[in-house]
Amino acid sequence: MNRTQRIAAAAASALVVGVLAAGCGGSGSDSEGSGGNVTLRVNLFGQFGYKDLYKQYEKDHPGVKIVETAEGDLGKYNTKLSQQIAANAAAGDVVAIEEGQTVNFLQASDKFVNLQDHGYNELKDAYLPYVANATTSADGKTTIGLGTDVGGLAMCYRRDLFEKAGLPTDREEVAKLWPTWDDFIATGEKFTTGIKDDKIHFIDAATNVYNSILMQGGDETYFDRDNKLVVDSNPAVKNAWDLANKMIDAKLTAKVQAFTKEWNAGFKNGSFATIACPAWMTGYIKGQAGDAFTGKWDIATVPGGGGNWGGSWLAVPKSSKHQKEAIDLIKFLASDKGQMGAFKSEGRLPSLPALYDTPELKDAKNPYFNDAPIGQLFVAGAKNLKPVYLGAKNVPVRDAFENVLRSVESGDRSESKGWPAAVKAAEKAAK
């Protein structure tokens, strides 16, 4: 970011705060005026780190109470939210939209408040360009969500298990082990030989690494920008698939599905030593592993030098009866103060680039991860993030690929039969 860009970004970020302070108009059918008693229902997936921010907002807005519902299973969350939005039912006054669902919900943009009617055009330049554009319609007339965090990618690893396996533990030395994914696999084989324990595996799951590699492969994954399925013609998909299968062949994976009880338990029982680690994952790991593992985890750069896993936007469904207050709230949560609060609480990396050069973020370290310089590790990747088009049917197609990959990982299907099965499942899911 050059000097001119930094000045522009800082000015735009100041606008976020300025517009927030001025408030905004709303048009909820029976929204109560300021000073009334309003309960805002916020529906999220996972932990966003908003607890202290809610308290501050309620203190600054007497008469407003915030009630959060956080679904731990992203699949269940997306399914329920899609059904509620389609039926124009009570989805919540504020809802979170996950990266893979932005295109899907843009197709139902008439069911959300258009934030361009509430000051969005004065805010958008403060955000990373792809974040600002992700929830805006192709004609540029409708915006349904304000960006919160981005999923700049690194690799988290267990220092104690690396030491036990005879591998370096210093994060810079660890990063040198795996400039490429093939090097990562070779390191995993050394780890397996050195650890001498068949209950401890190098990585958690083939699917998580597969998705991380895929998101490094260019500006498209399963669909092109005309929403045509391209799994058989996009080399990035096959490359990620082949590398994931190399890891399976080398018996590097713990075969645990993400966000299941078994996966959560793995953070405590040490069933895996590395995990593809977006910024928000640091808070998740700490929450699952607990204080006893302070300093045992660390963070290094990811093979391939960067990437993205996740990212979120906050939206206000038109079914909300308190649209004015809900819009005010998402502006607060998506402001520089809100994003830094979520970063401090759960490690969620802000999508406001003006924050990246502030000492508060640039020099940030995480004591749980052996004082890893999380500001440097994640900000460097975030600055280089580019938009990846996911398509309206990305989630069902991704799920189809993951399910087949898990069947190969578990030994229920051979590798040779896995790829054609995945392509066939994707074609069915895309219909």
Side-chain angles (χ1 to χ4, degrees), residues 153-213 216 240 242-256 258 262-278 281-282 284-286 288-307 309 365-374 376-378 380-381 409-411:
L153 197 62
M155 186 68 71
C156 292
Y157 66 97
R158 282 277 299 273
R159 292 172 56 87
D160 56 332
L161 296 181
F162 270 46
E163 182 177 17
K164 184 177 179 181
L167 294 176
T169 59
D170 176 79
R171 65 182 67 94
E172 293 185 3
E173 293 302 313
V174 169
K176 291 178 183 178
L177 296 174
W178 56 50
T180 70
W181 286 105
D182 281 321
D183 293 325
F184 182 77
I185 294 170
T187 302
E189 292 173 332
K190 292 178 182 177
F191 176 88
T192 301
T193 300
I195 201 72
K196 296 182 175 65
D197 187 337
D198 59 10
K199 293 182 179 180
I200 302 175
H201 299 82
F202 187 56
I203 60 175
D204 60 327
T207 49
N208 287 345
V209 180
Y210 162 78
N211 286 320
S212 300
I213 299 170
Q216 293 178 328
D242 288 343
L243 285 168
N245 274 277
K246 284 185 179 180
M247 297 179 200
I248 293 172
D249 288 344
K251 295 181 172 55
L252 302 184
T253 77
K255 305 178 183 179
V256 286
E262 293 76 15
W263 189 68
N264 291 340
F267 291 107
K268 286 186 176 180
N269 62 30
S271 61
F272 49 86
T274 68
I275 179 172
C277 198
M281 185 69 78
T282 58
Y284 194 92
I285 292 174
K286 180 180 179 180
Q288 294 300 323
D291 293 342
F293 285 83
T294 300
K296 292 185 178 181
W297 282 93
D298 210 323
I299 310 172
T301 54
V302 70
W309 177 0
K365 295 183 179 181
N366 191 321
Y368 189 85
F369 288 82
N370 194 43
D371 284 329
I374 53 175
Q376 296 175 24
L377 286 164
F378 292 119
E409 188 176 30
S410 66

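Note that the coordinates shown come from a computational prediction; the quantities given were computed from them, not determined experimentally.
Heavy atoms only, all atoms of each residue included: Ala276 and Trp309 are closest at O-CZ3, 3.3 Å. Heavy-atom minimum distance, Ala300 versus Trp178: CB-CZ2, 4.2 Å.
Not counting sequence neighbours, the partners of Asn269 by the side chain to side chain contact (heavy atoms under 4.5 Å, CB included) test are Ala265, Ser271. By the side-chain hydrogen bond (donor to acceptor under 3.5 Å, both in side chains) test, Asp249 is found to be paired with no residue, residues two or more places apart in sequence or in another chain being considered. With sequence neighbours left out, the salt bridge (Lys or Arg N to Asp or Glu O under 4.0 Å) criterion links Lys246 to Asp182. Remark: Asp170 pairs with no residue by the side-chain hydrogen bond (donor to acceptor under 3.5 Å, both in side chains) rule, at least two apart or across chains. Residues satisfying the side-chain hydrogen bond (donor to acceptor under 3.5 Å, both in side chains) test with Thr274, not counting sequence neighbours, are none. By the side chain to side chain contact (heavy atoms under 4.5 Å, CB included) test, Asn370 pairs with Arg159, Arg171, Asp298, sequence neighbours left out. Applying the side-chain hydrogen bond (donor to acceptor under 3.5 Å, both in side chains) rule to Lys268 yields no partners; only residues at least two apart in sequence or on another chain are considered. Among residues two or more places apart in sequence or in another chain, the side chain to side chain contact (heavy atoms under 4.5 Å, CB included) test is passed with Glu163 by Thr169. Every residue two or more places apart in sequence or in another chain was checked for a salt bridge (Lys or Arg N to Asp or Glu O under 4.0 Å) with Asp371, and none qualifies.
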Can you list, pair by pair, the side-chain donor-acceptor contacts under 3.5 Å of residues 183-195, counting residues two or more places apart and other chains?
unit_1 : atom_1 : unit_2 : atom_2 : d
Asp183 : OD2    : Thr180 : N      : 3.4
Asp183 : OD2    : Thr180 : OG1    : 2.9
Thr187 : OG1    : Leu177 : O      : 3.3
Thr187 : OG1    : Asp183 : O      : 2.9
Thr192 : OG1    : Gly188 : O      : 2.9
Thr193 : OG1    : Glu189 : O      : 3.1

Show me the donor-acceptor pairs within less than 3.5 Å that the side chains of residues 200-212 make with the rest of the protein, sequence neighbours left out.
unit_1 : atom_1 : unit_2 : atom_2 : d
Asp204 : OD2    : Asn208 : ND2    : 2.6
Asp204 : OD2    : Trp263 : NE1    : 2.8
Tyr210 : OH     : Tyr222 : OH     : 2.7
Asn211 : ND2    : Thr207 : O      : 3.2
Asn211 : ND2    : Glu402 : OE2    : 2.6
Ser212 : OG     : Asn208 : O      : 2.9

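Ion pairing between a basic and an acidic side chain is recognised when a charged N comes within 4.0 Å of a carboxylate O; Asp197 and Lys199 show no such pairing.
Side-chain contact between Trp181 and Met247: present, with at least one pair of heavy atoms (C-beta onward) separated by less than 4.5 Å. Side-chain contact between Val302 and Gln216: present, with at least one pair of heavy atoms (C-beta onward) separated by less than 4.5 Å. Two residues are said to be in side-chain contact when any heavy atoms from C-beta on lie closer than 4.5 Å; Ile299 and Phe378 meet this criterion. Side-chain atoms of Phe267 and Trp297, non-hydrogen and from C-beta on, do get closer than 4.5 Å to each other. By the 4.5 Å heavy-atom criterion applied to side chains, Phe369 and Ile374 are not counted as neighbours.
Sorted by first then second residue, the disulfide (SG to SG under 2.5 Å) pairs that include residues 155-189, not counting sequence neighbours, are Cys156-Cys277.
Note that NZ of Lys255 and CD1 of Ile248 are 8.5 Å apart. Values are rounded to the nearest 0.5 Å.
Checked by atom type and distance alone, the side chain of Tyr368 never pairs as donor or acceptor with a backbone atom of Asp291 at under 3.5 Å.
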